[in-house]
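As the structure is a computational prediction, the values presented were derived from the model and not from experiment.
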Amino acid sequence: MSTHILWLAFTLAVWQLPTEIAPVRFNSGQSVVPYFEGWIKNPDGTFDLVFGYFNRNWKQELYIPPGPNNNIEPNGPDAGQPTYFLPRRQRWMFRLRVPADFGKKEATWTITANGRSEMAFGNLLAAQEITDRVVMSNGNFNPGTDDPNEPPSMTVAPAQTATVGVPVTLTVSVTDDGLPKPRPVRTPRPTAGGFGAQSNSAGSGAPRGLNVRWLQIGGPGKVAFEQVGPISVTSGKAVTTARFAVPGTYRLRATASDGALSKTTDIVVTVK
């Protein structure tokens with residue numbers, strides 16, 4: 001075969017390649033990937049290895065109890081890791097405390113979902129060090145210790161014993177230092193006609209002021225919260241309800257945020 005023919009075949013092959021790969025979304029059937037977010041040094045010399053996960057499914061939620069399919073080493077299989085996996089990326093989901101002499105050892109989190117196993121490796125590499133403030137700001141820019149803003153303080157009403165299908169009231173009491181000051185709602189500037197900048201009117205953006213979000217961490221079935229997303233704090237409280245479809249032990253997480261920093265508290269609800 002001549003050089004000319006080879007070159008022509010190569011040119012045609014390249015010309016037929018797609019210029020962009022169409023995104024493919026899988027609603028179910030994909031793996032859950034654990035993520036090592038970094039490590040935090042505690043005042044007593046111990047360390048917290050911080051993990052999150054990425055459920056590659058867009059809709060499928062999975063219950064994976066501690067065991068061979070949801071295992072932490074060392075201290076496993078149950079080291080307090082999530083057992084209910086929501087779709088997509090969930091950051092800063094749990095901490096594994098290791099001793100001061102952990103050194104160059106490594107912790108692993110293995111998740112097997114839909115027949116595929118994924119692993120995350122936690123260690124004390126210097127480049128992986130983070131701070132509590134990084135977690136509280138959800139990984140956003142850390143203004144440093146001179147920042148006057150403090151995260152909200154929160155108290156969650158004691159956990160209850162619930163009944164399948166009967167709503168349970170969840171009440172969070174929240175106080176804050178008033179920082180940062182809530183941003184005023186921006187009024188779009190009128191245009192004089194012709195071509196102008198587009199204004200996004202699809203939503204109001206990030207929630208303003210104190211708010212609380214609820215998240216399911218564990219449990220054998222899906223929890224249906226009355227309100228999905230941020231719940232505004234009114235008169236120092238954020239109140240919603242939750243329903244449980246099947247009996248069992250559930251772990252729920254409340255996150256109180258002032259728009260810049262947040263604080264979390266977990267509760268356990270036993271459903272009969």
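Of all non-hydrogen atoms in Asn42 and Asp48, the two that sit nearest each other are ND2-OD1, 3.3 Å. The nearest pair of heavy atoms linking Glu37 to Gln90 is OE2-O, 4.2 Å. Contact between Pro77 and Gly67 at its shortest, heavy atoms only, is CB-N, 3.7 Å. Val174 and Pro152 make their closest contact through CG1-CB, 3.8 Å (heavy atoms, listed as atom of the first residue, atom of the second, distance). Taking both residues in full, the closest heavy atoms of Ser31 and Arg116 are given as CB-CB, 3.9 Å, listed atom of the first, atom of the second, then distance. For the residue pair Gly248 and Pro220, the shortest heavy atom distance occurs at CA-CG, 4.0 Å.
Through direct or relayed side-chain contacts under 4.5 Å between Ile, Leu, Val, Met, Phe, Trp and Tyr, Met136 connects to Leu261.
Of the options Ile72, Asn71, Thr83, a side chain to side chain contact (heavy atoms under 4.5 Å, CB included) to Pro66 is made by Thr83 and by none of the others. Applying side chain to side chain contact (heavy atoms under 4.5 Å, CB included) to Leu86 and the options Asn55, Leu215, Asn57 leaves one that passes, Leu215.
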Which pairs of donor and acceptor atoms, one on a side chain in residues 162-169, lie under 3.5 Å apart (sequence neighbours left out)?
none

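Under the 4.5 Å side-chain heavy-atom criterion for Ile, Leu, Val, Met, Phe, Trp and Tyr, Met93 and Phe85 are members of the same hydrophobic cluster. Side-chain heavy atoms closer than 4.5 Å link hydrophobic residues (I, L, V, M, F, W, Y) into clusters, and following such links, possibly through other members, connects Ile111 to Tyr84. Under the 4.5 Å side-chain contact rule for hydrophobic residues, Trp92 and Tyr35 do not share a cluster. Put simply, Met154 and Ile267 are part of the same group of oily side chains (I, L, V, M, F, W, Y) that touch within less than 4.5 Å, one to the next. With hydrophobic clusters built from ILVMFWY side chains whose heavy atoms lie under 4.5 angstrom apart, Phe225 shares a cluster with Ile231.
In summary, Lys41 and Glu129 do not engage in a salt bridge, as defined by a charged side-chain N under 4.0 Å from a carboxylate O. Under 4.0 Å is where a charged nitrogen must lie from a carboxylate oxygen, and between Asp132 and Lys263 no such pair does.
Judged purely by atom type and a 3.5 angstrom limit, Arg251 uses its side chain to pair as donor or acceptor with the backbone of Gly80. Remark: side-chain polar atoms of Asp258 are not paired, donor with acceptor, to backbone N or O of Pro151 under 3.5 angstrom.
Counting heavy atoms from C-beta on, the side chains of Asn70 and Gln81 come closer than 4.5 Å. Between Val246 and Val271 there is no side-chain heavy-atom pair separated by less than 4.5 Å. No side-chain heavy atom of Gln60 sits less than 4.5 Å from a side-chain heavy atom of Pro87. Contact check for Trp214 versus Thr240: side-chain heavy atoms found under the 4.5 Å cut-off. Side chains of Val50 and Ile40 form a contact here, defined as non-hydrogen atoms less than 4.5 Å apart. Residues Arg95 and Val135 are in side-chain contact: their nearest non-hydrogen atoms beyond the backbone lie under 4.5 Å apart. Pro247 places none of its side-chain heavy atoms less than 4.5 Å from the side chain of Lys272. Counting heavy atoms from C-beta outward, Val269 and Leu252 have side chains that approach closer than 4.5 Å.
One distance of note links CG of Leu210 with OG of Ser257; it measures 8.0 Å at 0.5 Å rounding. To the nearest 0.5 Å, atoms CZ (Phe54) and CZ (Arg89) are separated by 8.5 Å. Here Leu96 contributes atom CG and Phe47 contributes atom CZ; the two are 13.0 Å apart, rounded to the nearest 0.5 Å. Rounded to the nearest 0.5 angstrom, Met119 CE and Phe36 CZ are separated by 14.0 Å. In this structure, Lys237 NZ and Thr171 OG1 are separated by 6.5 Å, a value rounded to the nearest 0.5 Å. Distance check, rounded to the nearest 0.5 Å: CD of Glu73 to OG1 of Thr108 gives 6.0 Å.
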Where do Thr112 and Ser117 land on the side-chain hydrogen bond (donor to acceptor under 3.5 Å, both in side chains) test, with the steps shown first? CA-CA 4 Å; Thr112 301; Ser117 294; 2.6 Å; yes

Can Asn123 and Trp39 be said to form a side-chain hydrogen bond (donor to acceptor under 3.5 Å, both in side chains), step by step? CA-CA 8 Å; Asn123 50 53; Trp39 59 270; 5.7 Å; no

List the steps, then state whether side chain to side chain contact (heavy atoms under 4.5 Å, CB included) holds for Val32 with Asn114. CA-CA 9 Å; Val32 176; Asn114 294 317; over 6 Å; no

Verify side chain to side chain contact (heavy atoms under 4.5 Å, CB included) between Val239 and Leu170, making sure each step is shown before the conclusion. CA-CA 6 Å; Val239 182; Leu170 303 173; over 6 Å; no

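Proximity of the aromatic rings of Phe244 and Tyr250 is defined here by a centroid distance below 6.0 angstrom, and this criterion is met. The six-membered or imidazole ring of Phe51 lies near that of Phe94, with a centre-to-centre distance under 6.0 Å.
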